[in-house]
There are 2 protein chains.
Amino acid sequence: MILASRATGSEGRPHHQFRLSEGCIALSQTLADGRRQIVDIVGPGALVGIVLGDKNRMTAETLSYCHIERQHGDDVDKTYSAICEAMKRIEAHTVLLGRKTAPERVASAILDLSERFSRPQRAHFESPVFNLYLGRGDLADWLGLSLETVSRCFTRFKRAGLIDFDEPEIVTLLNTPALQAIADGAASA
Amino acid sequence: MILASRATGSEGRPHHQFRLSEGCIALSQTLADGRRQIVDIVGPGALVGIVLGDKNRMTAETLSYCHIERQHGDDVDKTYSAICEAMKRIEAHTVLLGRKTAPERVASAILDLSERFSRPQRAHFESPVFNLYLGRGDLADWLGLSLETVSRCFTRFKRAGLIDFDEPEIVTLLNTPALQAIADGAASA
DNA sequence: CGAGACTTTGAGTGTGCTCAACAATGGTGG
DNA sequence: CCACCATTGTTGAGCACACTCAAAGTCTCG
């Protein structure tokens, strides 16, 4: 499912924004020969169409059922803090893409998505379980890797007892600190 | 030379911004083991310290003599369009880091910097000459490559007659369309 | 049951990295 | 002025990580 990608004009501030209240959206760009890069994964609470000028053509793709609410643009403080969040995400992702190894990228992605999409836990002692809305191919296009490399990292983490999954999209975190160490580049693999 | 990296608090909009009127600044982040990623290169006209919350610790480093002016934060439209520009830059850079090859990255960087830092041309027929404010190492940290790879790409472009330089920081564009084709992934090398 | 989409796994290759030596430049002090 | 050192850039050899190509397995859906 493809959403209209332009929510605002080329300059000036937009008159209203759209807030994603539920679901998951991928914003991506594609090179001439088909190489695709997912620039941001938008989760609940984030604004959609923040700075979509007309220079950068961006494709927005829903990865689940989504619910979007209109938010008035004159609530400047809310808009500003949402932009802050988007900036921080993309800045962190820049470091990931420029300087992290494949396992580090996958670990970072798992932790990031788990924080943003984990289901409410039933008991405090249960391991966090969450739904990757992205398939292996989408993860690859987000993390700047190939599909196969992503898959290999997942099985590696599974064999190492850091995560578990039966269906490839439903992941259980078994050892969050170890994953965090890998994501930060402090552990080997 | 290191600037103070926080120009705004953690949330809400800042009361004033700083506009770079002259010079060049690199914004970077560093991993625990020293790997560095330059997240953005700020040129004349751009805002400094846009979304520097306290979560993402960002280092700002001047690469030349700089002149910075205060700009009032209540000029919302100006601020907003500057944020737009910053977003577009970092989004394009995300594609570069995630999906482009080394020569494509270097060609993109040369073109980007030439647009933002080229000296006024004396005659219309002269080839554009500009100053890379970044050294090879900084370019590497910006483009997610190693210093040596950046250097090799430069000499490759030089040998191919696409650019020229005697001092490694002062570059002349000899064949902009060919560079553009490489940057876009439409030409082999 | 077969078609299609997605994932996993393997084998081999290549791009870009690491390690290393050398050259060019500029600043400092004898 | 030149020797000395630090810094930066260039170039080469070899390697490794991640990619490409390929095949087989799983699941859903018609």
Side-chain angles (χ1 to χ4, degrees), chain A residues 1 26 31 33-37 61 63-64 96-110 131-160 163-171 182 185 187-189, chain B residues 1 26 31 33-37 61 63-64 96-110 131-160 163-171 182 185 187-189:
Chain A
M1 183 193 198
L31 294 178
D33 60 355
R35 282 174 281 175
R36 184 172 79 129
Q37 177 64 43
E61 193 176 340
L63 302 175
S64 70
L96 180 149
L97 290 172
R99 288 301 179 209
K100 289 191 180 179
T101 66
E104 287 166 6
R105 295 182 197 201
V106 174
S108 303
I110 291 173
N131 197 323
L132 289 175
Y133 290 102
L134 307 122
R136 300 291 186 261
D138 289 328
L139 281 168
D141 285 344
W142 186 36
L143 302 176
L145 298 170
S146 72
L147 188 156
E148 296 92 330
T149 300
V150 172
S151 179
R152 279 184 250 267
C153 287
F154 268 87
T155 56
R156 211 162 135 189
F157 290 159
K158 187 179 179 179
R159 276 201 255 269
I163 61 172
D164 195 28
F165 57 94
D166 288 323
E167 301 155 71
E169 292 223 351
I170 299 176
V171 176
I182 294 174
S188 51
Chain B
M1 185 192 196
L31 295 179
D33 60 355
R35 281 174 282 175
R36 184 173 78 130
Q37 177 64 43
E61 193 175 339
L63 303 175
S64 70
L96 180 148
L97 289 173
R99 288 303 179 206
K100 289 191 180 178
T101 66
E104 288 166 6
R105 295 181 198 201
V106 174
S108 303
I110 292 173
N131 197 322
L132 290 176
Y133 289 103
L134 308 122
R136 299 292 186 262
D138 288 329
L139 281 168
D141 285 345
W142 188 35
L143 303 176
L145 298 169
S146 72
L147 188 155
E148 295 91 331
T149 299
V150 172
S151 178
R152 278 184 250 267
C153 287
F154 268 87
T155 55
R156 210 161 136 189
F157 290 160
K158 187 179 180 180
R159 275 200 257 268
I163 61 172
D164 194 29
F165 57 93
D166 287 322
E167 300 155 72
E169 293 223 350
I170 298 176
V171 176
I182 294 173
S188 50

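It should be emphasised that the depicted structure is a prediction, and the values quoted were computed from it without experimental measurement. Below, chains carry the letters A, B, ... as their sequence lines are ordered, and counting in each starts from 1.
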For side-chain contact (heavy atoms from CB on, under 4.5 Å), just list the numbers for B/Y133 and B/D138, CA-CA rounded to whole Å, side-chain angles, deciding distance to a tenth of an Å, and then say yes or no.
-> CA-CA 9 Å; B/Y133 289 103; B/D138 288 329; over 6 Å; no
List the steps and the verdict of side-chain contact (heavy atoms from CB on, under 4.5 Å) for A/V106 and A/L145.
-> CA-CA 9 Å; A/V106 174; A/L145 298 170; 4.1 Å; yes
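Nucleotide D/dG9 holds its P atom 13 Å from the CD1 atom of B/I170, rounded to whole Å. For the pair B/R35 CZ and C/dG16 C1', the computed distance is 16 Å after rounding to whole Å. At whole-Å resolution of the value, CG in A/L139 and C1' in C/dT8 are 15 Å apart. Distance CG (B/L132) to P (D/dT8): 15 Å, rounded to an integer number of Å. Residue B/D141 contributes atom CG, which lies 17 Å from atom P of C/dG16 at whole-angstrom precision. Rounded to an integer number of Å, the gap from A/L134 CG to C/dT7 C1' is 15 Å. For the pair A/R156 CZ and C/dG10 C1', the computed distance is 16 Å after rounding to whole Å. Atom P of nucleotide C/dT25 and atom CD of B/E167 are separated by 9 Å, given to the nearest angstrom.
Note that CD of A/E104 and OG1 of A/T101 are 3.0 Å apart. Values are rounded to the nearest 0.5 Å. Atoms CD and CG, from B/Q37 and B/L143 in turn, are 8.5 Å apart once rounded to the nearest 0.5 Å. Rounding to the nearest 0.5 angstrom, the gap separating the CG atom in B/L139 from the CG atom in B/L134 is 5.0 Å.
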Produce the list of close N/O pairs, under 3.5 Å, pairing protein atoms with atoms of nucleotides 4-6 of chain C; give distances to one decimal.
none

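For residues 140-149 of chain A, every residue pair satisfying the salt bridge (Lys or Arg N to Asp or Glu O under 4.0 Å) rule, not counting sequence neighbours, is listed here: A/R36-A/D141, A/D141-B/R99.
A/R136 forms a cation-pi arrangement with A/F165, by the criterion of a distance under 6.0 Å to the ring centre and an angle within 45° of the ring axis.
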Per-nt protein contacts along nucleotides 19-30 of chain D (heavy atom under 4.0 Å; B base, S backbone sugar-phosphate only, - none) come out as SBB---------
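Side-chain contact between A/V171 and A/F154 is present, with heavy atoms from C-beta onward closer than 4.5 Å. Annotation: side chain of A/I163 is in contact with side chain of A/I110 (closest heavy-atom distance under 4.5 Å).
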